[in-house]
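Chain letters run A, B, ... following the sequence lines, proteins first and then strands; every chain starts at 1.
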Amino acid sequence: MRLSRYFLPVLKENPSEAQIVSHRYMLRAGMIKQQSAGIYSWLPMGFKVLKRIEQIVHEEQIRVGHLPLLMPTLQTADLWRESGRYDDYGQEMLRIKDRQGREMLYGPTNEEMITDIFRAHVNSYKDLPLTLYQIQWKFRDEVRPRFGVMRGREFLMKDGYSFDIDRDSALHAYNRHMVSYLRSYERMGLTAIPMRAASGPIGGDNTHEFLVLASTGESEVFYDSAVTDLKLGAREVDVDDRAAVAGICEEFTTLYARTDETHDQALFDAVPEERRKVGRGIEVGQIFYFGTKYSESMGANVVTADGSRVPVEMGSHGIGVSRLLGAIIEASHDDKGIIWPEGVTPFHVGIVNLKQGDAATDSACNALYAALIGKGLEPLYDDRDERAGAKFATMDLIGLPWRVTVGPRGLAAGKVELTSRRTGESEEVSLEAAVDRLTQIYASR
RNA sequence: CGGAGCGUAGCGCAGCCUGGUAGCGCACCUGCUUCGGGAGCAGGGGGUCGGAGGUUCGAAUCCUCUCGCUCCGACCA
């Protein structure tokens with residue numbers, strides 16, 4: 001993409017409504033525009049990152065055998081009356097009447113609807129296990145939306161629902177989700193720690209939240225610092241191997257890590273003092289096993305091998321996709337702007353032409369641009385007629401992990417400059433070497 | 001929902017107390033110079049002062065109502 005043809009309305013000054021760094025940078029980098037309290041338009045750059053994150057979530061869900069589908073944002077009140085949650089959910093649920101006076105709602109979550117789909121089409125244990133998920137917009141009429149996309153009213157969420165014949169199988173689904181989530185977050189460059197959580201309005205007793213450590217987080221967290229060293233990495237996991245999957249979960253949940261809701265001071269005190277940490281975290285996902293809470297109230301039964309009918313065992317599992325943008329920025333920025341991890345960056349590399357209109361730099365930039373595209377990379381070429389400082393400032397703000405600087409001085413020696421946004425380190429290399437390096441860097445992503 | 005604020009040009013703000021021609025910086029447009037970390041000079045365009053009502057010869061300014069937004073708290077992916 002050539003910046004001169006892109007839509008990137010960057011702001012020099014901080015919008016007054018933005019208090020936390022991710023919100024400020026998302027506004028300043030032209031990623032979002034607020035339309036109303038807690039409701040945002042996603043401008044091209046923001047939309048691009050949102051789609052990258054969504055793509056990672058999809059890939060990791062599909063990798064473990066979960067099936068994508070899409071349910072509507074609007075639901076009928078009837079469905080929610082069946083589960084009893086229509087009256088329980090409270091003011092957070094946005095209620096709407098259609099022209100016939102029928103009561104509708106903008107879905108804050110989809111347990112009822114997925115259960116309705118399930119009971120209509122699944123009758124036998126032979127169809128289990130089954131995990132269906134979607135990535136769809138939700139609406140929760142928060143009392144006090146804030147922090148930009150971190151606590152919006154409208155937000156994009158991955159919500160998945162698992163159906164199993166018995167408790168053991170359901171717990172395996174729970175564990176499988178944990179592993180899949182861990183890998184998703186790692187691909188986004190995040191350290192997200194699973195922490196024992198309280199269940200809230202969804203219900204159920206077995207639940208973990210995934211927290212990204214950040215000083216601006218809304219939850220207070222207590223943890224053994226050794227958990228931050230745990231990595232899933234590139235290890236192969238057979239998702240049907242219950243023991244292997246449970247083993248990974250054990251590895252990630254044995255060390256003490258809890259939010260203030262479930263904090264147990266006595267257990268915490270048992271952690272070696274130098275590893276005992278108290279901090280704040282951003283919740284970016286949660287998994288629940290809730291048994292037959294919905295299947296019983298809504299009659300989602302299956303026939304077992306011996307011919308009896310039992311309510312299906314369920315779990316639900318969510319990732320806050322739009323919130324992740326905020327969380328990633330909170331976890332990865334400096335005073336100049338965002339620093340995107342390679343896994344989610346909107347463009348792989350920025351090209352800065354220091355002397356736009358100069359025949360040599362223009363043609364070198366064009367060649368570089370074409371070569372990168374030829375390697376399957378997406379460069380953002382700043383071809384605006386701006387001074388060097390303005391171009392650097394824009395690149396730093398929008399946070400592409402790599403920058404290639406092309407100027408007459410270096411070019412005279414046949415060199416361009418490859419700079420890491422994260423470390424600020426530069427190396428002078430030939431144009432071809434820069435392309436090779438970048439190709440290598442992204443080969444594994 | 002309790003408490004506290006704020007709505008003046010795309011963004012950041014001043015002006016309001018003490019009513020009298022709507023301003024500044026950034027951004028934008030034109031020209032010249034400049035050109036490796038948000039350039040300089042000159043010129044230019046853009047605002048129903050959130051909305052409605054009232055007081056007044058006259059309202060951004062005073063009064064009433066209303067809408068919107070933000071912050072702190074309680075609640076939450």
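Looking at residues two or more places apart in sequence or on another chain, you find a side chain to side chain contact (heavy atoms under 4.5 Å, CB included) between A/Asp383 and A/Arg2, A/Leu3, A/Ser4, A/Gln356, A/Tyr381. A/Ser420 is linked by a side chain to side chain contact (heavy atoms under 4.5 Å, CB included) to A/Trp402, A/Arg422, A/Thr423, counting only residues two or more places apart in sequence or in another chain. A/Phe47 pairs by the ring pair (Phe, Tyr, Trp, His ring centres under 6.0 Å) definition with nothing, not counting sequence neighbours. When the ring pair (Phe, Tyr, Trp, His ring centres under 6.0 Å) test is applied to A/Phe147, no partner is found at least two apart in sequence or on another chain. Partners of A/Thr259 under the side chain to side chain contact (heavy atoms under 4.5 Å, CB included) rule, at least two apart in sequence or in another chain, are A/Met195, A/Glu209, A/Leu211, A/Val221, A/Glu261, A/Thr262. Annotation: side chain to side chain contact (heavy atoms under 4.5 Å, CB included) contacts of A/Lys415 (sequence neighbours excluded): A/Ala413, A/Glu428.
Nearest-nucleotide positions on RNA chain B place A/Pro15 closer to the 5' end than the other of A/Pro15 and A/Glu261.
Across the protein-nucleic acid pair, A/Ile20 atom CD1 and B/C72 atom C1' stand 15 Å apart, rounded to whole Å. In this structure, the CZ atom of A/Phe147 is 12 Å from the C1' atom of B/G73, given to the nearest Å. Separating the CD atom of A/Glu220 from the C1' atom of B/G73 is a distance of 16 Å, rounded to the nearest angstrom. Atom pair A/Asp88:CG and B/C75:P shows a separation of 18 Å (rounding to whole Å applied). A straight line from CZ of A/Phe7 to P of B/G10 spans 14 Å, rounded to a whole angstrom. Across the protein-nucleic acid pair, A/Leu27 atom CG and B/A27 atom C1' stand 16 Å apart, rounded to whole Å. One atom, CZ of A/Arg146, and another, P of B/C6, lie 21 Å apart when rounded to the nearest Å. Rounded to an integer number of Å, the gap from CZ of A/Arg144 to C1' of B/C1 is 12 Å.
Among the heavy atoms of the strands lying under 4.0 Å from A/Glu142 is at least one base atom, whether or not backbone atoms are also near. Residue A/Asn14 is classed as a sugar-phosphate contact, given heavy-atom separations below 4.0 Å to backbone atoms only. Within 4.0 Å of A/Gly152, counting heavy atoms only, lies at least one base atom of the nucleic acid. No engagement by A/Met395 is indicated, since no non-hydrogen atom pair under 4.0 Å with the nucleic acid exists.
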Pairs of donor and acceptor atoms involving the side chains of residues 403-410 of chain A, under 3.5 Å and at least two apart or interchain, shall be tabulated with distances.
| unit_1 | atom_1 | unit_2 | atom_2 | d |
| --- | --- | --- | --- | --- |
| A/Arg403 | NE | A/Thr405 | OG1 | 3.1 |

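Phosphate contact (OP1/OP2 of B/C6, side-chain N/O of A/Ser16, threshold under 4.0 Å): absent.
Note that A/Lys138 lies outside the cation-pi zone of A/Tyr106, set by a 6.0 Å cut-off to the ring centre and a 45° limit from the axis. A cation-pi geometry, defined here as NZ or CZ lying under 6.0 Å from the six-membered ring centre and within 45° of its normal, holds between A/Arg95 and A/Tyr86.
For A/Arg85 and A/Glu111, the salt-bridge test passes: some basic side-chain N is under 4.0 Å from an acidic carboxylate O.
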For nucleotides 33-39 of chain B, give me one character per nucleotide, 5' to 3': B if any protein heavy atom sits under 4.0 Å from the base, S if the only such contacts are to the sugar-phosphate, - if neither. -BSBBBB

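Nucleotides B/U61 and B/G19 are separated by 6 Å at their C1' atoms, to the nearest Å. The gap from the P atom of B/G20 to that of B/A59 amounts to 11 Å, rounded to the nearest Å. Taking atom C1' in both B/G50 and B/A39, one finds a spacing of 37 Å when rounded to whole Å. Comparing B/G46 with B/G3, their C1' atoms are spaced 39 Å from each other, to the whole Å. The same atom, P, is picked in B/A42 and in B/G25; the two are 11 Å apart, to the nearest Å. B/U18 and B/A74 have their C1' atoms separated by 42 Å, with the value rounded to a whole Å.
Contacts between residues 34-47 of chain A and RNA chain B, defined by a heavy-atom separation under 4.0 Å, are made by A/Gln34, A/Ser36, A/Ala37.
Both distances falling under 3.5 Å, in either a Watson-Crick or a G-U wobble arrangement, place B/A4 opposite B/U70.
The closest donor-acceptor contact from the side chain of A/Asp362 to the backbone of A/Gly357 lies under 3.5 Å.
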